[in-house]
Amino acid sequence: MAGKNCVGIASDRRYGQYQTTIATDAQKIWKIHDKLYIGLSGLATDVQTFIEKLKFRITLYQLREERDIKPSCFAQLVSTMLYEKRFGPYFVEPVIAGLEGPNNEPYLCAMDLLGCTSTAKGFVVGGTPSEQLYGV
Amino acid sequence: MARRYDSRTTIFSPEGRLYQVEYAMEAISHAGVAVGILGTDGIVLAAEKKITSKLLEPGSSEKMYKVADHIACAVAGITADANILVNSARLSAQRHNFQYQEDIPVEQLLQSICDIKQGYTQYGGLRPFGVSFLFAGWDEHHGFQLYQSDPSGNYGGWKATAIGANNQSAQSILKQDYKADLTLSDAVGLAVKVLSKTMDSTTLTGEKLEVAVLYRENDEVVYRLLRDAEVDKKITELDLATPAEST
């Protein structure tokens, strides 16, 4: 969710299988850099693998470009990586929050598991209760 | 006589030499010198910038590259060749990190690059890479490490070493002045001093040098390129700005 030159991102910490709760300290949000966070919900194994693949790509980006990746560029990277698996996707629903440009404009973006992006100004949601989070 | 055995990289000469590899090293001996020194609490890499034009866009480095969070390198030789190998090194480090979820041990990274270099001396009929590297890194197994690699694919671990133009004179100064208990700050001073004595240019300023340090802070490895002003300060501290009396 966006505020004035700021963004916030939040998630629950449950890791469970059907009705059984296995962990209550699961990490679902990762810092990409000081002005960019990604939240990943969905199948835990895919969340784990996907964030590891993202870290691979982002580290190389930073080494080659010698700068932090822009949130909008990062979102495009995530989208492309997901669509590459169009016929055998990663079961993850990313939520991206960051600050872009010299004026720290909030950037919010959510995606489905195939990489379809939806950018919004106010707030974005993802995960099983996304309908409830939208509140409609 | 040797000319008949020059043209293919993948064959020996009758005397048992690989001429193309030797010619690659000859190319490197014309490149700007790079010096590496292992201190107790960090490593310094210092290099002479060959291209110092006022028209050059500042910010990009021709000698120093970060390879991973815990490994950096200095280059001597053909920059275009170096770019290929630095990219391979970066990919290799990330592939290891992805597979094992840990930082690649410095020597393993060296081996992967050196294996690539060696391949170009034995297969494919392509010329070898005209690059020598100084790799500086830290891992939890062996702490701070400094390695040198050359076009043949050989590498070695060093406490202090130099590559590029006048590297023999740099090495002999290092042999005299290196001590095992040098701190990183002392090592930076020694590196700058060695460069001042081996560089061809008459006056020494921060603009002509690239000095980088690798050290640990708060359980993390930090790689930092010194700013021109910091290098200038070191030069004045050591009183190296004026050229030494020639004998």
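These numbers come from the heavy atoms of this one structure, side chains and all, not from hydrogens, waters or symmetry mates. Every chain is numbered from 1 and lettered A, B, ... according to where its sequence line falls, protein lines coming before strand lines.
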State whether the number of non-hydrogen atoms from other residues, nucleotides or ligands found under 6.0 Å of B:Met199 atom CE is greater than 12. yes
Bottom line for A:Lys53: the part with an atom under 4.5 Å from chain B's heavy atoms is both
First locate atom CD of A:Glu66, then atom OH of B:Tyr65, and finally report the distance between them rounded to the nearest 0.5 Å. 9.0 Å
Working note: A:Arg64 + B:Asn87, criterion side-chain contact (heavy atoms from CB on, under 4.5 Å); need CA distance, chi angles, decisive distance, verdict. CA-CA 8 Å; A:Arg64 289 166 175 158; B:Asn87 194 46; 2.7 Å; yes
Does CD in B:Glu220 sit with more than 12 non-hydrogen atoms of other residues, nucleotides or ligands closer than 6.0 Å? no
Pair A:Phe56, B:Leu91 - check side-chain contact (heavy atoms from CB on, under 4.5 Å), show working. CA-CA 9 Å; A:Phe56 181 105; B:Leu91 281 167; 4.3 Å; yes
With side chains defined as the heavy atoms from C-beta onward, is the minimum distance between B:Arg90 and A:Thr59 less than 4.5 Å? no
Answer yes or no: is there a side-chain heavy-atom contact under 4.5 Å between B:Lys66 and A:Gln62? no
Heavy atoms of other groups near A:Lys70 NZ, more than 12 under 6.0 Å: no
So what's closer than 4.5 Å to chain A heavy atoms on B:Val67: side chain, backbone, both or neither? backbone
Would one find more than 12 heavy atoms of other residues, nucleotides or ligands at under 6.0 Å from atom CD of A:Glu131? no
Tell me if the CD atom of A:Glu52 is crowded by more than 12 foreign heavy atoms within 6.0 Å. yes
Looking at B:Arg224, I want to see if its CZ is surrounded by more than 12 non-hydrogen atoms of other residues, nucleotides or ligands under 6.0 Å. yes
